[in-house]
*Asks:* 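There's a structure below that I have some questions on.
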Amino acid sequence: MLFNVLSDPQALNAIQGKHDILLVFISWLVALAASYAGLDTIKLVRKVTHSLWRSVWLFAGASAMGLGVWSMHFIGMHAYQLDFPVTHAPVATLLSILPAILGSLSAMVVLSRPAPSHHSLWLAGVGLGMGIGAMHYSGMAAMRMPAELYYSLNLFLISLLVAVVLGMASVYVYRLCQQEWGIQRSRRCAFIAALCVSIAVSGMHYVAMQAAWYVPDGRVLVLPMHSHSRWLIYLIGVVAVLTALLTLVATGVQRRLHASQRHEYMTQTRLLEVISALQDSVVLLDNRARVRLCNAAFERLVGSTTNQLVGASIAHLNYAQDSQTLNVEIRQALEKHGEWSGMIKAIRANGLGFPAWLSVTCVNYADSNERDYVALLSDRSEEQQAEQRIRYLAYHDMLTELPNRRALQARIEELGAAEKAVHQQAFLALLDIDRFKLLNDSLGQDIGDELLRQLSKRLQQWAEKGLYAARLDGNEFALLGACSTNDGAIAQSEVCSLIDKVLASLTADYDLQGHTYPCKLNVGVLIFNPVKREGSAPLFKRADLALLVAKRLRDGQPQFFRAEQERELEERLMMERELRFAIENDELCLHLQPQVNGQHDVIGAEALLRWHHPQRGLVSPGHFIALAEETGLILPLGEWVLKEGCRLLGKWHQDAQLQHLKLSLNVSARQFQQPDFTDQVLSIIEQYDAPPARLTLELTESLLLIDPEGTINKMQQLQRMGVSFALDDFGTGYSSLSYLKLLPLDTLKIDIAFVRDLTLNRQARPIAGTIITLAESLGLGVIAEGVETEDQRLVLANLGCHIYQGFLFGRPTPVDVFTNTLTRPLTRFLD
């Protein structure tokens with residue numbers, strides 16, 4: 001009986017059996033496998049939404065788990081060996097499986113909930129433990145044997161406590177693992193919880209077996225365990241394990257099927273949501289051009305709902321301008337190529353049109369012979385507006401809103417392509433605001449911008465009269481127009497009259513934020529034949545040449561392009577290239593003109609630059625120095641002169657007959673203004689071992705006006721090293737005598753203009769005398785340039801000047817000729 005309590009086993013000669021260790025281990029494995037199979041079903045149950053299928057899978061999992069628990073108990077009972085035969089009542093034994101299934105079901109129901117409460121988990125653990133206990137003791141009650149069954153009360157209660165406590169532990173372990181790892185690792189949660197359940201079942205079973213005592217009848221014979229009982233144990237164990245495996249396979253297959261169905265559902269749902277969220281219109285058509293599917297954008301386009309559109313033919317929808325013709329074109333393209341795309345003018349439900357890109361593509365299905373067509377309609381209104389804006393920015397000036405240079409170039413091309421251009425001349429006028437930088441510097445850039453805007457508005461008025469106005473760059477504008485005749489002379493007269501009228505309107509006073517400004521313009525005009533279609537570049541170049549002349553004259557009169565200007569420019573460009581080549585390839589040389597004293601002794605020379613051109617021969621500085629100044633070539637040119645002059649001084653220093661000579665080198669203002677000029681001179685002197693005391697640098701008066709303080713500083717540095725300075729062409733510039741007093745000069749050179757007129761002009765003699773007297777008062781030496789006659793020399797000598805340079809004493813000659821002449825005793829250099 002279940003409730004026979006034995007307090008003292010020794011009093012009744014009660015006995016206990018022994019366990020087969022192998023069968024004990026097998027029983028535990030069966031319990032572990034079954035528990036894992038049951039708990040693993042929970043993941044599937046959570047994903048099932050239908051209540052019936054949820055109940056079915058709960059019951060299946062609980063049955064697999066309960067069968068495993070019962071099998072563990074059954075195997076454990078047969079692992080318990082007694083000294084008398086034991087049988088089991090079949091019905092009672094089978095019924096003992098029900099508490100195990102119910103206990104498992106209670107735990108699985110709670111654990112399958114999304115967020116069970118602690119109270120529910122506690123009850124589930126108690127239910128699982130009590131189910132295990134009830135299964136065990138009901139199975140013990142089904143035993144049939146020649147002995148009386150007694151229980152030790154303490155162990156009996158402990159076995160129930162073990163079942164309940166470990167059952168609760170199993171439930172909480174599964175829940176905690178699930179919270180920590182989530183549903184993606186549910187199998188690991190199930191295994192850990194199943195391990196706890198198997199320990200609970202085994203612990204409860206073997207504690208309960210230790211609580212059982214048997215009092216056999218006196219007639220009992222000791223019999224061994226029958227072999228068929230062992231086979232029955234293995235059979236039940238295998239059935240339990242197979243049931244667990246089948247349950248795992250079934251749940252796995254069901255999970256995959258459910259995941260596949262859910263994925264398909266989610267894919268379709270999301271696809272519809274994505275299509276619906278698109279701003280572009282999307283339509284799915286069948287092979288008869290009927291609407292099968294469309295999104296909200298297409299509904300808004302045609303002004304109908306999806307229910308109204310599905311099944312309707314696209315031919316009945318007015319979605320684009322001339323849609324019927326468009327439908328035919330699309331159908332033909334689909335039949336040939338399977339796709340069509342292009343820009344159309346789509347029409348909204350309110351009748352407004354807009355640019356759109358339409359693409360239609362054929363859709364072939366892998367599992368069907370059906371064919372559908374998907375159409376995508378994209379609104380390109382913003383893109384078209386952006387393109388128009390970009391084009392406007394590319395062809396217009398933002399400050400004045402006039403067309404820019406690119407637009408003017410395109411207009412010139414159009415003018416040449418016009419039919420009536422065959423019998424017409426055209427003109428291009430470039431207008432430059434005179435002294436615009438001065439306006440910006442004095443009144444500010446805002447005032448300058450205001451002038452540009454107001455002038456542009458006045459130009460727009462002429463644009464309305466048939467001229468094409470543009471702003472090219474900065475303060476430069478352009479006018480383009482056609483003449484009414486093909487005759488050049490008449491066309492020039494016509495253009496001149498028109499430009500005068502334009503200038504009269506453009507040069508009228510401007511009100512610039514309270515400042516009255518009389519604008520003055522420089523204008524260069526080109527009359528050309530647009531039929532020749534030379535391109536805009538040569539036209540702009542020629543008009544620029546005319547404008548350069550106007551800027552140079554600055555008289556406000558328009559200057560027309562002449563062919564000579566282009567030839568002069570080409571010659572200047574060619575000479576610039578050739579001069580650059582000459583500097584780099586030793587085509588330059590120095591000629592020396594002697595400087596003599598009153599006894600006609602040569603005391604030095606001035607170095608004059610010459611260019612040995614391969615075709616032009618010897619080119620004097622007057623033809624290329626101005627060009628060198630404009631192009632910046634004066635710097636490498638001046639450096640070459642300085643190096644060559646110092647090289648000569650270094651060479652003369654080694655010759656006893658020449659070492660007393662001084663050498664004068666001309667230095668340009670731009671060269672002298674270089675920050676490193678002083679270091680450059682000293683470095684070259686050191687390089688060629690030239691005596692500084694024999695070097696004289698000739699400066700012009702214009703240098704004094706640029707940077708007096710910087711000039712004086714550099715001169716003082718070089719003078720401390722022994723270099724001398726002469727002021728060239730004195731009396732022809734605009735320097736102040738106060739600066740002259742401060743300059744560390746050594747010599748004044750009387751300009752040739754005064755020397756030439758000494759015997760012809762009465763005013764020249766007192767000027768020369770004043771210069772000589774000024775030099776004496778400042779402690780400076782004097783050299784007279786351009787002395788060509790003995791009379792001039794005598795006048796200069798009477799005035800106190802005793803150092804001369806000019807044709808009277810020798811023309812500039814090559815260095816070798818100059819030095820060879822000095823080796824012979826001469827009193828003067830002859831021509």
Side-chain angles (χ1 to χ4, degrees), residues 395-409 411-412 415 425-484 491-528 536 539-561:
Y395 286 91
H396 286 80
D397 173 62
M398 288 298 95
L399 177 64
T400 63
E401 297 185 356
L402 284 176
N404 59 13
R405 182 181 293 269
R406 179 183 293 180
L408 180 60
Q409 291 171 342
R411 183 67 175 179
I412 291 174
L415 190 64
Q425 294 273 26
F427 73 90
L428 174 63
L430 302 184
L431 297 83
D432 175 85
I433 301 177
D434 191 42
R435 305 180 71 187
F436 181 74
K437 186 178 184 302
L438 179 62
L439 174 67
N440 268 344
D441 293 342
S442 59
L443 298 181
Q445 188 172 350
D446 292 342
I447 298 296
D449 290 346
E450 179 63 23
L451 173 62
L452 296 175
R453 282 191 289 266
Q454 290 189 25
L455 189 145
S456 299
K457 290 181 180 178
R458 298 186 186 184
L459 278 175
Q460 285 284 16
Q461 298 174 358
W462 288 98
E464 295 171 359
K465 298 178 182 179
L467 299 181
Y468 191 84
R471 182 191 178 195
L472 302 184
D473 187 20
N475 61 319
E476 190 171 320
F477 296 82
L479 279 176
L480 177 68
C483 304
S484 59
Q492 180 168 338
S493 176
E494 179 183 330
V495 172
C496 188
S497 176
L498 177 62
I499 294 297
D500 287 342
K501 295 177 182 178
V502 171
L503 288 178
S505 65
L506 297 181
T507 56
D509 288 351
Y510 290 83
D511 183 7
L512 304 177
Q513 300 180 14
H515 300 276
T516 301
Y517 185 76
C519 182
K520 183 179 178 182
L521 297 173
N522 302 312
V523 183
V525 185
L526 169 68
I527 297 178
F528 64 98
S536 57
L539 301 181
F540 277 110
K541 184 184 77 170
R542 294 165 191 165
D544 271 328
L545 289 174
L547 180 60
L548 285 175
V549 176
K551 288 181 179 180
R552 187 165 59 248
L553 297 176
R554 297 180 64 181
D555 57 2
Q557 297 298 316
Q559 298 296 320
F560 285 81
F561 169 77

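Hydrogens, waters and symmetry mates are skipped; everything else that's a heavy atom, side chains included, is used.
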*Asks:* Quick one: are Pro558 and Asp500 in side-chain contact, heavy atoms under 4.5 Å?
*Replies:*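 Heavy-atom side-chain distance check passes, below 4.5 Å.
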*Asks:* Can you see which heavy atom on Gly448 is nearest to which on Leu439, and at what distance?
*Replies:* CA-CD2, 4.2 Å
*Asks:* Yes or no on side-chain contact (heavy atoms from CB on, under 4.5 Å) for Phe427 and Leu467, after CA distance, side-chain angles and deciding distance?
*Replies:* CA-CA 10 Å; Phe427 73 90; Leu467 299 181; 3.8 Å; yes
*Asks:* Are the side chain of Ser456 and the backbone N or O of Leu452 linked by a donor-acceptor pair below 3.5 Å?
*Replies:* yes
*Asks:* Checking Asp509 side chain against Thr516 main chain: does a donor-acceptor pair fall under 3.5 Å?
*Replies:*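 Answer holds: no.
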*Asks:* For the backbone of Ala508 and the side chain of Arg458, can you confirm whether one donor and one acceptor N or O come within less than 3.5 Å of each other?
*Replies:*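 Side chain of Arg458 to backbone of Ala508: a pair is present.
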*Asks:* Please check if atom CZ in Arg435 has more than 12 non-hydrogen atoms from other residues, nucleotides or ligands closer than 6.0 Å.
*Replies:*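 12 or below, so no.
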*Asks:* Can you name the nearest heavy-atom pair linking Ile499 to Ala429, along with the distance?
*Replies:* CD1-CB, 3.9 Å
*Asks:* Are the side chains of Leu415 and Leu480 in contact, using a 4.5 Å heavy-atom criterion?
*Replies:* yes
*Asks:* If you compare all heavy atoms of Ala546 against all heavy atoms of Phe561, which two are closest, and at what distance to 0.1 Å?
*Replies:*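 Nearest heavy atoms, Ala546 then Phe561: CB-N, 3.7 Å.
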*Asks:* Looking only at non-hydrogen atoms, find the nearest pair between Arg471 and Leu402 and report the distance.
*Replies:*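 In terms of heavy atoms, the two residues are closest at N-CB, 4.0 Å.
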*Asks:* Any side-chain to backbone donor/acceptor pair from Glu494 onto Ser484? Under 3.5 Å, distance only.
*Replies:*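 Yes: the side chain of Glu494 pairs with the backbone of Ser484.
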*Asks:* Looking at every non-hydrogen atom in both residues, tell me the closest pair between Ser536 and Gln409 and how far apart they are.
*Replies:*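 Smallest heavy-atom distance, with atoms named: OG-CG, 3.3 Å.
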*Asks:* Measuring only between side-chain heavy atoms, which start at C-beta, is Leu547 closer than 4.5 Å to Glu476?
*Replies:*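 Yes, their side chains come closer than 4.5 Å.
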*Asks:* Output, in order, the C-alpha distance, side-chain angles, deciding distance and verdict of side-chain contact (heavy atoms from CB on, under 4.5 Å) for Tyr510 and Glu450.
*Replies:* CA-CA 10 Å; Tyr510 290 83; Glu450 179 63 23; over 6 Å; no
*Asks:* Could you grab the distance from atom CG of Asp446 to atom CG of Asn440, nearest 0.5 Å is fine?
*Replies:* 9.0 Å
*Asks:* Look at the side chain of Gln454 and the backbone N and O of Asp511, then say whether any donor-acceptor pair between them is shorter than 3.5 Å.
*Replies:* yes
*Asks:* Looking at Arg554 and Asp434, is there a salt bridge between them, counting it only when a charged N and a carboxylate O are closer than 4.0 Å?
*Replies:*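 A salt bridge links Asp434 with Arg554.
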*Asks:* I need the Tyr395 OH to Asn404 CG distance, nearest 0.5 Å.
*Replies:*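 These two atoms lie 8.5 Å from each other.
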*Asks:* Nearest 0.5 Å please: distance from the CG atom of Leu472 over to the CG atom of Asp544.
*Replies:* 8.5 Å
*Asks:* Looking at side-chain heavy atoms only, is the closest gap between Tyr517 and Ile447 below 4.5 Å?
*Replies:* no
*Asks:* Applying side-chain contact (heavy atoms from CB on, under 4.5 Å), run through Leu455 and Leu521 and close with a yes or a no.
*Replies:* CA-CA 11 Å; Leu455 189 145; Leu521 297 173; 4.1 Å; yes
*Asks:* How long is the span from the CD atom in Gln559 to the CG atom in Leu545, to the nearest 0.5 Å?
*Replies:* 12.5 Å
*Asks:* Using the rule given for side-chain contact (heavy atoms from CB on, under 4.5 Å), can you reason through Phe477 versus Ile433, listing the C-alpha separation, both sets of side-chain angles and the distance that settles it, and then say yes or no?
*Replies:* CA-CA 9 Å; Phe477 296 82; Ile433 301 177; 4.1 Å; yes
*Asks:* Would you give the length of the straight line joining atom CD of Gln492 to atom OG of Ser497, rounded to the nearest 0.5 angstrom?
*Replies:*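 Reported value, rounded in 0.5 Å steps: 12.5 Å.
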*Asks:* Looking at CG of Leu399 and CZ of Arg453, how far apart are the two atoms once the value is rounded to the nearest 0.5 Å?
*Replies:* 5.0 Å
*Asks:* State, yes or no, whether a side-chain contact exists between Phe540 and Leu408 at a heavy-atom distance under 4.5 Å.
*Replies:* yes
*Asks:* Write down the atom of Gln425, the atom of Phe528, and the distance for their closest heavy-atom approach.
*Replies:*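 In terms of heavy atoms, the two residues are closest at OE1-O, 2.9 Å.
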